[in-house]
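Here's the structure, in structure tokens; my notes come after.
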Amino acid sequence: MQVPPPSTLELFGLPGLDSALETLPNTDAVFVVWAGDRSTYLARTSMLRRRLQRILKPAAAEGETPGRGLNLRGVASRVDYWLTGSRFESMLVHYALARRYFPEDYPRMVKLRMPAWVKLILSNEFPRTQLTTR
């Protein structure tokens with residue numbers, strides 16, 4: 001699958017990150033958060049603005065306990081995102097990007113299941129078929 005070029009939000013040197021996040025659409029999308037050259041976080045979402053605001057929220061103030069959620073604001077350098085029209089398109093784009101950025105680990109990331117096979121059992125006088133994943 002050919003994935004179109006992404007829209008990019010540069011985070012280094014962006015003084016109004018929160019206001020820049022407010023301009024993003026709140027639609028289906030697939031995004032990659034880059035932390036330097038090698039670390040990436042790939043995800044798909046149905047509400048892009050809300051998800052990025054949660055991931056890139058400001059760190060907890062002095063004396064407050066930090067939340068348990070993922071916070072990438074201190075390490076993220078840029079965000080690439082692809083707007084999609086449906087959940088199915090999001091799944092296809094997520095699959096293509098996982099294969100591109102994580103070639104060894106993409107089946108686990110996209111939760112690919114083993115395909116079903118039809119097994120023919122000939123040991124019985126009346127042969128039968130059976131669905132199996134082995």
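The first residue of the sequence shown is numbered 1, and numbering continues consecutively from there.
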* **Distance-minimising heavy-atom pair for A29 and S90** => N-OG, 4.2 Å

* Asked: Between L48 and L83, is any pair of side-chain heavy atoms under 4.5 Å apart?
  -> yes

* Asked: Looking only at heavy atoms, what is the nearest atom pair of R44 and R51, with distance?
  -> O-NH1, 3.3 Å

* Are any non-hydrogen side-chain atoms of Y95 and L97 less than 4.5 angstrom apart? -> no

* **Side-chain hydrophobic cluster, 4.5 Å single linkage: members besides L120** => L122

* Asked: So, do I121 and Q130 sit near enough that their side-chain heavy atoms are less than 4.5 Å apart?
  -> yes

* Determine, step by step, whether Y106 and Y101 satisfy the ring-ring contact (aromatic ring centres under 6.0 Å, His included) criterion, reporting the C-alpha distance in whole Å, the side-chain angles of both residues, the deciding distance to 0.1 Å, and the verdict. => CA-CA 8 Å; Y106 80 92; Y101 295 127; over 10 Å; no

* Asked: Can you name the closest pair of heavy atoms from L9 and A20 and give their distance?
  -> CD1-CB, 4.1 Å

* Given side chains that start at C-beta, do those of V32 and Y81 come closer than 4.5 Å, heavy atoms only? -> no

* To do: Answer yes or no: is there a side-chain heavy-atom contact under 4.5 Å between L24 and L52?
  => yes

* Asked: Mind checking what makes salt bridge (charged side-chain N to carboxylate O under 4.0 Å, His left out) contact with D80, not counting sequence neighbours?
  -> R78

* To do: Taking all non-hydrogen atoms of both residues into account, name the closest pair between L21 and R49 and its distance.
  => O-CG, 3.2 Å

* Spell out, yes or no, whether L17 and V33 are grouped together once hydrophobic residues are joined by side-chain heavy atoms under 4.5 Å, including indirect joins. => yes

* Can you tell if the side chain of L42 reaches within under 4.5 Å of the side chain of V30, non-hydrogen atoms only? -> yes

* **Closest non-hydrogen atom pair between S46 and D28, with its separation** => CA-OD1, 3.1 Å

* **N/O donor-acceptor pair under 3.5 Å between S77 side chain and W34 backbone** => yes

* Asked: Just wondering, do M91 and H94 contact through their side chains at under 4.5 Å, heavy atoms?
  -> no

* **Rounded distance (nearest 0.5 Å) linking atom OG1 of T45 with atom CZ of R87** => 10.5 Å

* Side-chain touch V3/W82, heavy atoms, less than 4.5 angstrom -> yes

* What is the distance from atom CD of Q53 to atom CE of M47, rounded to the nearest 0.5 Å? -> 10.0 Å

* Structure fact -> Residues joined to V118 in its hydrophobic cluster, side chain to side chain under 4.5 Å directly or through other members, sorted by chain and number, are L131

